[in-house]
There are 2 protein chains.
Amino acid sequence: MTELKHERLREQLLAMIAQDLTSHERLPTEREIAASFGVSRVTVRRTFQQLEVERRIYRIQGAGTFVGEPVIAKTLELTSFSQDMRQRGLQPGSRLLLSEVISAGDEIGYALGLRPADPVIHMERLRTADGSPMCIDNSYLPSSLFPGLIENFREGSLYEVMADTYGIRLDWADQILRSSVLAESEAELLDAPAFSSAFIVERTSHDQRGRPIERGVSLYRGDRYFFQLRTG
Amino acid sequence: MTELKHERLREQLLAMIAQDLTSHERLPTEREIAASFGVSRVTVRRTFQQLEVERRIYRIQGAGTFVGEPVIAKTLELTSFSQDMRQRGLQPGSRLLLSEVISAGDEIGYALGLRPADPVIHMERLRTADGSPMCIDNSYLPSSLFPGLIENFREGSLYEVMADTYGIRLDWADQILRSSVLAESEAELLDAPAFSSAFIVERTSHDQRGRPIERGVSLYRGDRYFFQLRTG
DNA sequence: AAGTGGTCTAGACCACCCG
DNA sequence: GGGTGGTCTAGACCACTTT
């Protein structure tokens, strides 16, 4: 139960849309809603703007505000592997394959804004869904930001440990998706045929201030995984 | 030259950021900017909100507004193949392989909200970049929305024809990305080795009102193409 | 012409951080 | 405590579509 007016208004409008209206039906005018809900028109517009971005409504100047068509797919969000799997109705699992401190090197150093000789924590994990392999994940973190992490982290959510123990929250990430085929060693780990299709995902995750915090390279099975996203 | 205050303010702020400030430097307060640019604080906040979404600034309550770190990658946008290639510094080209009217069938009919027996225009095009094959694209459009299209369209931008001749603008799309390998016939068309990696992109494009307008299935060469996106 | 969403204002109060 | 961004208000005028 929040106390912000635009959030309460949002909930009430969503309920109204779900219960009383169908696609392309007109909503009450901004002025009517402002009056009947006891808020200012600015607050109504702010709420509408958010709903418009989410495609729940659309607005036509001079004509009105209308209910959008129901949409299933969600915008690709910055979620952990665990959240991602649960959204897909699968049970996430993880096995730590490797945990070490190495020099950043050129590529990772560049991504994290470190010198090539600076130490980074490297963790390699095999991620599973409903018990069978889905992804090989490599994470690289600046050692200086996470003292003691490598001795203490064995399982669970890396992102939660980063947030709870170190107070660092990932806010957004740049990602590059490539299509590839599995080498034999990778295929063996993933329990998939050699030379079958795969996604390579390279990401650089940042905090709210835009500082790079994590470099990651993941290899997903192409026969089990797909990306769903909305553009516009 | 626009006349909207928040757009003019946006340009002036971007100039200020580029010329006088570096990453993580503090911007003037909202109230100072409002006073010095002769606009209200609401207008300043509206402009800041947009810049924040674009990661050009970040805000910390109680502390101030700060310049973000420069970012190269752009959010995946709904662009035509031609625009996409030009952004990547490549010269786009196209060859029409097939142009026909067929029944929608279950899958395309479902995506476009048509009955399986309703007619759709199907166009298959080989898209090239700097003269060599990049992608095989299949587009499906409701015949009823685009009378005469099939007789008149041979080359150029399909999206431009849809907008200019038929007044229908695509606004957003749901997409699914899969990783796959090329079958022999596909490999031949794309001038790539058989069984090399590829992206399958399935998209349903919509207009502003949320009505589905186009169903598309594209096959990209995995060795030449990649996706770049920002999540958060 | 009437009504709609789009833009903009001046001012109030609250939540948060320590420039 | 003083200053910052975050929320909210009542009201004005403009641009656009047509209930």
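Just so it is clear, the structure is predicted and the values come from calculations on it, not from any experiment. Quick note on labels: first sequence line is chain A, next is B, and so on, each numbered from 1.
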key: Along DNA chain C, first and last positions that approach a heavy atom of chain B under 4.0 Å   =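 The protein-touched segment is C:dT7 to C:dG19.
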From [atom1] ([X]) to [atom2] ([Y]), nearest 0.5 Å:
| X | Y | atom1 | atom2 | value |
| --- | --- | --- | --- | --- |
| B:Thr47 | B:Arg8 | OG1 | CZ | 11.0 Å |
| A:Met85 | A:Tyr225 | CE | OH | 5.0 Å |
| B:Phe66 | B:Leu27 | CZ | CG | 8.5 Å |
| A:Arg86 | A:Gln91 | CZ | CD | 6.5 Å |
| B:Phe153 | B:Leu141 | CZ | CG | 9.5 Å |

task = Return the orientation label for the B:Tyr220 and B:Phe81 ring planes: parallel under 30°, perpendicular over 60°, tilted otherwise.
result =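 Geometry flag for B:Phe81 against B:Tyr220: tilted rings.
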request  = Could you check whether the rings of A:His122 and A:Tyr140 sit parallel, tilted or perpendicular, using 30° and 60° as the cut-offs?
outcome  =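 Parallel, since the angle between the ring planes stays under 30°.
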request  = Encode nucleotides 14-19 of chain D as B, S and - characters from 5' to 3', where the letter depends on protein heavy atoms closer than 4.0 Å: B to the base, S only to sugar-phosphate, - to neither.
outcome  = -BBB-B
task = Check DNA chain D against residues 39-50 of chain A and give the residues with a non-hydrogen atom under 4.0 Å, in numerical order.
result =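 Those residues are A:Val39, A:Ser40, A:Arg41, A:Val42, A:Thr43, A:Arg46.
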Result block: side-chain N/O donor-acceptor pairs under 3.5 angstrom for residues 10-19 of chain B, not counting sequence neighbours:
{"unit_1": "B:Arg10", "atom_1": "NH1", "unit_2": "B:Glu54", "atom_2": "OE1", "d": "3.2"}
{"unit_1": "B:Arg10", "atom_1": "NH1", "unit_2": "B:Glu54", "atom_2": "OE2", "d": "3.1"}
{"unit_1": "B:Arg10", "atom_1": "NH2", "unit_2": "B:Glu54", "atom_2": "OE1", "d": "3.2"}

task = Using the test side chain to side chain contact (heavy atoms under 4.5 Å, CB included), find all partners of B:Asp164 that sit at least two apart in sequence or belong to another chain.
result =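 For B:Asp164, the residues satisfying side chain to side chain contact (heavy atoms under 4.5 Å, CB included) (neighbours in sequence not counted) are B:Glu160.
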Taking only distance into account, with no hydrogens and no angle test, what donor-acceptor pairs under 3.5 Å do side-chain atoms of residues 210-219 of chain A form with protein atoms, sequence neighbours excluded?
{"unit_1": "A:Arg211", "atom_1": "NE", "unit_2": "A:Asp207", "atom_2": "OD2", "d": "3.0"}
{"unit_1": "A:Arg211", "atom_1": "NH2", "unit_2": "A:Asp207", "atom_2": "OD2", "d": "2.9"}
{"unit_1": "A:Glu214", "atom_1": "OE1", "unit_2": "A:Tyr159", "atom_2": "OH", "d": "3.3"}
{"unit_1": "A:Glu214", "atom_1": "OE1", "unit_2": "A:Arg203", "atom_2": "NE", "d": "3.3"}
{"unit_1": "A:Glu214", "atom_1": "OE1", "unit_2": "A:Ser205", "atom_2": "OG", "d": "3.0"}
{"unit_1": "A:Glu214", "atom_1": "OE2", "unit_2": "A:Ser139", "atom_2": "OG", "d": "2.7"}
{"unit_1": "A:Glu214", "atom_1": "OE2", "unit_2": "A:Arg203", "atom_2": "NH2", "d": "3.0"}
{"unit_1": "A:Arg215", "atom_1": "NE", "unit_2": "A:Glu107", "atom_2": "OE2", "d": "3.1"}
{"unit_1": "A:Arg215", "atom_1": "NH1", "unit_2": "A:Thr204", "atom_2": "OG1", "d": "2.9"}
{"unit_1": "A:Arg215", "atom_1": "NH2", "unit_2": "A:Glu107", "atom_2": "OE2", "d": "2.5"}
{"unit_1": "A:Arg215", "atom_1": "NH2", "unit_2": "A:Glu202", "atom_2": "OE1", "d": "3.4"}
{"unit_1": "A:Ser218", "atom_1": "OG", "unit_2": "A:Asp137", "atom_2": "OD1", "d": "2.4"}
{"unit_1": "A:Ser218", "atom_1": "OG", "unit_2": "A:Arg203", "atom_2": "NH1", "d": "3.1"}

query = Mapping B:Pro28 and A:Leu4 onto DNA chain D by nearest heavy atom, which one lands closer to the 5' end?
reply =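 The residue whose closest nucleotide sits nearer the 5' end is B:Pro28.
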